[in-house]
Amino acid sequence: MDAGSHKDFGTRLAAVAGEAEGALTRLLDDAALAGEIARPPRLLAAMQHAVLGGGKRLRPFLVVECAALFGVERMRALHAGCALELVHCYSLVHDDLPAMDDDDLRRGRPTVHKAFDQATAILAGDALLTLAFDVMAREDVHADAGVRSELVLELARASGLGGMAGGQMLDLAAEGRFEPKRALNRNEIEMLQAMKTGALIRFACRAGAILGQADDAARARIDRYGQLIGQAFQIADDLLDLESDAATLGKAAGKDAAAGKATLVTALGPDGARARLSELVKQADGALAPFAAKADTLRAAARFIAERRR
């Protein structure tokens with residue numbers, strides 16, 4: 001990515017991150033909403049700790065930029081992106097728990113179960129997940145109830161049994177948690193990672209097309225782009241875990257290798273993984289070809305994902 005395009009992309013990413021931070025802060029206000037009885041202060045504080053004050057907000061960014069291809073009002077896309085970010089943050093809270101990855105550090109700060117306690121962290125994750133669907137169902141996201149229903153359905157499937165949660169189960173199984181450990185082949189690793197990490201990134205892109213009520217051909221292109229950058233994100237993440245340090249990452253480094261996690265870096269080797277990253281970026285660019293210059297920011301996003309250092 002050249003210096004000029006990197007600067008422009010960075011500016012756009014930071015702008016969405018700032019807008020998302022503001023919207024998420026409002027969503028996690030202490031005032032109870034209609035239908036709520038009260039918002040317990042300790043639970044709310046844990047949710048705020050999990051969500052606010054950190055993160056690149058890449059998933060909301062992808063929703064906003066994909067939606068922009070179809071002329072969607074920015075604030076509507078931002079609300080949908082925030083619903084997705086709540087799911088992502090819930091997953092981090094639960095992933096960090098001792099029964100899962102057992103991490104003490106997230107975004108350079110104590111994880112929620114360290115800052116509070118395990119029971120509070122579990123409930124904070126539960127509450128973030130349910131709040132996400134509350135937000136996605138609101139008219140702020142789209143005036144058409146059918147569009148909102150489609151978004152809710154797709155987010156549920158990307159998050160649950162056949163998506164992120166299922167992928168996390170496959171990841172634990174690959175560590176040898178439930179049965180004798182065995183080496184996964186490349187297809188098995190790609191399926192695991194497409195579920196655990198890729199499903200929410202793919203949904204972020206699809207959500208933009210759903211909001212824009214795009215035709216089938218455009219949706220297919222956006223869907224393909226989302227699949228490709230989802231795989232690129234995980235490979236880049238695995239390379240960072242292997243080669244970086246906790247101070248740079250804001251979380252523990254080297255844990256995946258120590259746990260013997262199944263990754264494409266292990267399957268292909270670091271050089272092979274970097275070659276695959278380059279191939280994925282080229283394929284993502286090709287998927288966006290019909291959108292011409294309108295998709296330049298999304299092309300830059302693919303490069304950013306592949307080249308990121310934290």
Undergrad: Within the supplied structure, the quantity of interest is the number of heavy atoms (other residues, nucleotides, ligands) at a distance under 6.0 Å from Asp216 CG; does it exceed 12?
TA: no

Undergrad: For Leu161, does the CG atom sit with more than 12 other heavy atoms under 6.0 Å from it, leaving out its own atoms?
TA: no

Undergrad: Does the pair Arg76/Asp140 count as a salt bridge with the N-to-O cut at 4.0 Å?
TA: no

Undergrad: Given 3.5 Å as the limit, does a donor-acceptor pair link the side chain of Arg177 with the main chain of Leu172, or not?
TA: no

Undergrad: Would you mind checking if Glu188 and Arg182 are paired as a salt bridge, meaning a charged N to carboxylate O distance below 4.0 Å?
TA: yes

Undergrad: Check whether Asp103 reaches the backbone of Leu105 with its side chain - one donor and one acceptor, N or O, closer than 3.5 Å.
TA: no

Undergrad: Looking only at atom types and distance, does a side-chain atom of His79 sit under 3.5 Å from a main-chain N or O of Arg138, one as donor and one as acceptor?
TA: no

Undergrad: Does Arg148 reach the main-chain N or O of His142 with its side chain, forming a donor-acceptor pair under 3.5 Å?
TA: yes

Undergrad: Hey, does the side chain of Thr120 reach the backbone of Phe116 with a donor-acceptor pair shorter than 3.5 angstrom?
TA: no

Undergrad: Do Leu131 and Leu28 pass the side chain to side chain contact (heavy atoms under 4.5 Å, CB included) test, and can you show the C-alpha distance, the side-chain angles, and the key distance before you say yes or no?
TA: CA-CA 9 Å; Leu131 179 60; Leu28 294 170; 3.8 Å; yes

Undergrad: With the threshold set at 4.0 Å, does a side-chain nitrogen-carboxylate oxygen contact exist between Arg57 and Glu85?
TA: yes

Undergrad: Would you mind checking if Asp237 and Arg308 are paired as a salt bridge, meaning a charged N to carboxylate O distance below 4.0 Å?
TA: yes

Undergrad: Just verifying a value: how many Å separate Ser159 OG and Leu84 CG, rounded to the nearest 0.5 Å?
TA: 7.5 Å

Undergrad: Could you go step by step and tell me if Arg276 and Glu279 meet the salt bridge (charged side-chain N to carboxylate O under 4.0 Å, His left out) rule?
TA: CA-CA 5 Å; Arg276 178 59 180 155; Glu279 180 184 347; 3.0 Å; yes

Undergrad: Can you tell me if Arg202 uses its side chain to pair, donor with acceptor, with the backbone of Leu228 under 3.5 Å?
TA: no

Undergrad: On the 0 to 90° scale, with breaks at 30° and 60°, tag the Phe61-Phe9 ring pair as parallel, tilted or perpendicular.
TA: perpendicular

Undergrad: Might you confirm whether atom CE of Met100 has over 12 heavy atoms from other residues, nucleotides or ligands at distances under 6.0 Å?
TA: yes

Undergrad: Using a 3.5 Å distance criterion without hydrogens, assess whether the side chain of Glu36 forms a donor-acceptor pair with backbone atoms of Leu33.
TA: yes

